[in-house]
Amino acid sequence: MAGSTQVVEIDGHRIKLSNLEKVLYPEDEIIKAEVIQYYLKIAPYFLRHNKYRPLSLVRYPDGISSHEFFQKDRPSWAPDWIESIRLGKEEKKDYIFLTNAASLVWLANLACLELHIMEFTKQDPDHPDLMVFDLDPAPEMSFDQVKQIAYLLKEHLLEFEYHPFVKTSGGKGLHLFCPIAPSNSHGEVFQAAKDLSESFIKKYPQLGTLQLRKDKREQKLLIDIYRNRETQTVVGAYSLRGKPGAPVSMPVSWEMLGDIQSSQAFQLRQAADHIEQHGDAWEGMHSQAVPIHTHRQPKLSQPYNPEGLKHKTPEQLEEYAAKRDFSTTPEPPPAVTSGTGHAFVVHRHHATSLHYDLRLEKDGVLLSWAIPRGLPPEPGIKRLAVETEPHPLAYLTFEGEIPKGQYGAGSMWIFASGQYRKTKEKKDGFYFQLTGSRWEAEFRIHHMKDKEWLLERVSPALHHPYESTWQVMLAEQTTRIPTGSDYRFEVKWDGIRALLLIFEGTIRILSRNGRELTQQFPELVAALSYLRASNAVLDAEIVRLDAVGRPVFKQVISRLHQSHPAKIERLSKSAPVVCYLFDALYLDGRSLLQDPLIRRRAWVQDLIKPGSPFRFSSDVEDGAALYEAAQKMGLEGIMAKKATSYYYPGKRSADWYKLKFRETMDCYIAGFTEGQGERSSVFGALHLLQKNEQEWIYRGKVGTGFDMDFMQYLRERMDVLPKTTKPFETPTADDKVSTWIAPELVCEVEYASITDQGTLREPVFKSLLEDR
DNA sequence: GACACAT
DNA sequence: ATGTGTCAACGCGTT
DNA sequence: AACGCG
């Protein structure tokens with residue numbers, strides 16, 4: 001059979017994939033199609049770390065047990081959209097670099113299993129932005145020993161104020177990468193790396209060596225700093241290796257490193273899942289860039305003033321100063337200072353109207369643009385950016401309330417900050433990459449006329465409110481109010497848990513199982529203009545309140561079962577719901593999952609306009625007082641959440657607790673009794689079974705908590721289930737009026753306590769589990 | 001894996 | 001038509 | 001100058 005061939009289109013480029021069935025890893029039976037799939041799936045992360053870096057390729061056209069070869073020169077037959085840069089002696093070689101997922105897939109199709117990167121980008125080949133330490137263990141050394149040395153070296157580097165990141169090499173050792181400001185030559189960076197390694201070896205002479213010769217290493221670990229030479233390369237983050245098992249060079253957090261047993265612990269078949277679960281451990285790495293320690297300027301205590309003139313506002317900040325009264329505003333006074341040269345900040349500025357401010361460091365000040373409609377969340381969307389007066393560098397960390405009457409009055413929030421770098425110069429504009437600790441993206445800004453610029457997103461979106469799968473975070477149940485000062489307490493709203501997905505000014509409402517609820521709540525859809533966000537994912541509870549503001553669960557759940565549009569419309573007017581917002585997972589192009597709870601909630605509170613069905617679910621610090629008040633008021637319970645915790649989608653953890661005033665149990669509906677009077681057409685009560693491991697326990701009957709509509713609906717659901725015989729021996733008072741059905745429907749029942757017979761005391765039906 | 005070049 | 005060769009690099013230390 | 005090393 002001839003090799004299978006397929007043409008795919010990625011990023012607008014047609015790529016012919018050949019020999020998809022060819023086995024590249026014989027021991028693991030991994031074929032080329034899987035390799036391509038891997039690189040495609042991992043592309044957003046692979047590009048984040050390796051885009052624009054000149055490459056050295058290791059290709060295995062007939063698999064890893066056959067002949068491999070290195071390739072650096074761009075072949076003449078490469079399609080014209082494969083970009084390259086001439087480097088080296090007499091610019092002899094034309095090095096390929098990645099620009100998009102298509103270029104990565106094209107290389108994968110050439111059986112290019114390993115991609116080795118240079119420690120600089122094509123924008124600035126003379127100034128490395130990474131310092132690399134390749135830890136190469138001696139043959140006898142255990143991986144635990146390698147880890148130990150890596151931790152020690154990390155501490156050593158921290159003493160010099162570097163921020164080391166670690167990855168497995170996919171072979172035997174570990175790689176430490178330190179992001180550095182791209183302002184030194186290769187020689188200077190190498191010297192700094194050598195300096196650091198030598199002082200480390202002086203501290204721990206038994207552990208490491210810089211000896212390249214094997215016979216001189218004396219069972220020590222080689223700290224290979226020679227990667228930092230101009231022409232050297234190192235295997236890129238997330239690259240496969242051409243070794244049995246298809247290991248991946250995997251970035252890991254320092255905490256996670258402790259659990260890892262081998263440099264080859266991550267392999268093609270699990271690596272993508274791991275990132276999906278734990279995120280990219282190197283995200284935002286470059287926001288931690290520092291000048292190399294041999295070239296650090298002493299911090300300027302005085303504002304940098306090239307003219308030597310004191311007390312005079314520098315020319316670039318005259319407009320900034322003229323607009324403000326620094327005895328009233330908390331904003332930083334004008335001063336031109338020296339920074340890294342590459343800092344950026346994006347402010348979310350809730351002034352007269354909400355907008356974003358983009359600020360990029362240049363010549364000691366922050367060039368600024370106001371972006372009324374927010375940063376474009378994905379490629380293809382353009383946003384107007386209006387140039388405003390340059391701000392002082394101290395504005396990088398400014399956040400707070402600008403008082404009424406002052407210019408820009410309102411709250412100023414840091415939405416993201418970090419380091420940026422220009423990726424391409426254009427006539428009337430440029431491309432730039434923003435790298436914050438929890439957010440990175442590439443944009444293009446283009447000057448139109450006067451103060452008007454156009455901002456466009458270049459890098460693909462990592463999340464999309466509608467297309468990404470979102471899951472809600474869950475709470476553990478407890479009976480004690482957690483102590484410790486870092487908990488915040490909220491009312492537990494008794495309604496329908498929902499995610500509000502907002503995309504470019506449209507909204508969808510999903511249940512926590514991902515069920516579409518949008519059509520059920522037109523009054524919420526109509527109120528979208530009360531939410532100040534054009535793109536967001538918000539966590540909420542939809543409730544129906546009684547006259548005194550208590551949620552009535554029965555009424556809101558009945559809204560879920562309506563299917564007739566006219567009836568829904570009528571109910572939305574006569575019995576409208578309200579929606580309590582309490583968390584945010586995503587906001588205007590940035591994931592908030594790794595922001596602390598109080599920060600996420602501050603944003604939620606800020607984005608709700610008053611006077612709509614959307615309300616902020618406020619919190620208090622005094623849990624005992626809220627517990628008492630909520631119990632007195634007859635509410636369902638309270639929530640306790642750790643103020644500093646992250647949002648873990650789909651996870652139930654001790655970061656969130658629920659405290660309920662009444663207990664609940666999930667039970668199977670095992671049958672029902674005949675009803676009388678009004679209920680003669682439906683049922684009287686439901687027989688309940690609890691499933692405990694393998695055992696079924698009879699929990700008695702529940703006969704209240706439903707209205708006639710729901711009872712009719714439930715009777716229809718039960719009638720289609722197979723009839724059975726009574727599933728236990730003990731006689732009950734109503735055996736002759738009972739119908740037994742296969743236990744398939746699960747419901748939640750609230751109760752006061754459990755009787756000696758094991759049945760529930762004061763049981764009240766809450767909901768079918770599928771509605772929750 | 002794709003090509004140039006030789007047989 | 002079929003087969004074969006090509007596809008990297010350089011500093012550093014020792015011999 | 002050649003070789004070993006990564």
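Order of the sequence lines fixes the chain letters, A, B, ..., with proteins taken first and strands second; residue numbering starts at 1 for each chain.
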Trainee: Has R296(A) got its NZ or CZ under 6.0 Å from the middle of the six-membered ring of Y162(A), at an angle within 45 degrees of the ring axis?
Mentor: yes
Trainee: Between P on dG1(B) and CZ on F70(A), what's the gap in Å once rounded to a whole number?
Mentor: 18 Å
Trainee: It should be established whether N19(A) places a side-chain nitrogen or oxygen under 4.0 Å from OP1 or OP2 of nucleotide dG1(B).
Mentor: yes
Trainee: Could you tell me whether K203(A) and E159(A) have a side-chain N and a carboxylate O separated by less than 4.0 Å?
Mentor: yes
Trainee: Roughly how many Å apart are dA8(C) and dA4(B), using the P atom of each and rounding to a whole number?
Mentor: 16 Å
Trainee: Given side chains that start at C-beta, do those of V35(A) and Y25(A) come closer than 4.5 Å, heavy atoms only?
Mentor: yes
Trainee: By the 4.0 Å heavy-atom rule, please label T231(A) as base, sugar-phosphate, or nothing.
Mentor: sugar-phosphate
Trainee: Nearest to the side chain of K93(A), which nucleotide is it out of dG1(B), dA9(C), dC7(C)?
Mentor: dA9(C)
Trainee: In whole Å, what is the span from the CG atom of N228(A) to the P atom of dC10(C)?
Mentor: 17 Å
Trainee: With a 4.5 Å heavy-atom cut-off, do R53(A) and T121(A) have their side chains touching?
Mentor: yes
Trainee: Quick one: is S18(A) getting a side-chain N or O under 4.0 Å of the dA2(B) phosphate, OP1 or OP2?
Mentor: yes
Trainee: Would you say the side-chain atoms of N50(A) and Y238(A) include a donor-acceptor pair closer than 3.5 Å?
Mentor: no
Trainee: How would you summarise protein contacts on nucleotides 1-6 of chain D per nucleotide, using B for base, S for sugar-phosphate only and - for none, with heavy-atom distances below 4.0 Å?
Mentor: ----SB
Trainee: Given dC12(C), dC7(C), dA9(C), identify the nucleotide with an atom nearest to the side chain of K72(A).
Mentor: dA9(C)
Trainee: Does the structure show a Watson-Crick or G-U wobble partner for dT6(C), both distances under 3.5 Å? Name it, or say none.
Mentor: dA2(B)
Trainee: Heavy atoms under 4.0 Å, any strand shown: does K22(A) hit a base, just sugar-phosphate, or nothing?
Mentor: sugar-phosphate
Trainee: Classify the nucleic acid contact of Y226(A) as base, sugar-phosphate or nothing, counting any heavy atom under 4.0 Å across all strands shown.
Mentor: nothing
Trainee: Rounded off to whole Å, could you give me the NE2-to-C1' distance for the H67(A) and dA8(C) pair?
Mentor: 12 Å
Trainee: Mind checking the P distance from dC7(C) to dG6(D)? Whole angstroms is fine.
Mentor: 24 Å
Trainee: For dG1(B), does either OP1 or OP2 sit under 4.0 Å from a side-chain N or O belonging to K32(A)?
Mentor: yes
Trainee: Contacts to DNA chain B from residues 195-206 of chain A, heavy-atom cutoff under 4.0 Å, which residues?
Mentor: none
Trainee: Specify the separation, in whole Å, of atom NE2 of H186(A) and atom P of dC10(C).
Mentor: 13 Å
Trainee: For a quick check under 3.5 Å, do R438(A) and Q594(A) share a side-chain donor-acceptor pair by atom type?
Mentor: no
Trainee: Rounding to an integer number of Å, can you tell me how far I225(A) CD1 sits from dG13(C) P?
Mentor: 10 Å
Trainee: Whole-Å distance between dA2(B) P and F69(A) CZ?
Mentor: 10 Å
Trainee: Rounded to whole angstroms, how far apart are CG on L87(A) and C1' on dA9(C)?
Mentor: 13 Å
Trainee: Indicate whether the side chain of T423(A) and that of E442(A) have a donor and an acceptor atom separated by less than 3.5 Å.
Mentor: yes
Trainee: Contact class for D62(A) (heavy atom, under 4.0 Å): base, sugar-phosphate, or nothing?
Mentor: nothing
Trainee: What about F432(A) and F430(A), are their ring centers closer than 6.0 Å?
Mentor: yes
Trainee: For P26(A), give me all partners under side-chain contact (heavy atoms from CB on, under 4.5 Å), at least two apart in sequence or on another chain.
Mentor: V23(A), I64(A), S65(A)
Trainee: Measure the OG-OH distance between S103(A) and Y39(A) for me, rounded to the nearest 0.5 Å.
Mentor: 12.5 Å
Trainee: For the side chain of R59(A) and the base of dG1(B), is some donor closer than 3.5 Å to an acceptor across the two?
Mentor: yes
Trainee: Determine, using ring centers only, whether H49(A) and Y45(A) are less than 6.0 Å apart.
Mentor: no
Trainee: In whole angstrom, what separates E68(A)'s CD from dA8(C)'s P?
Mentor: 14 Å
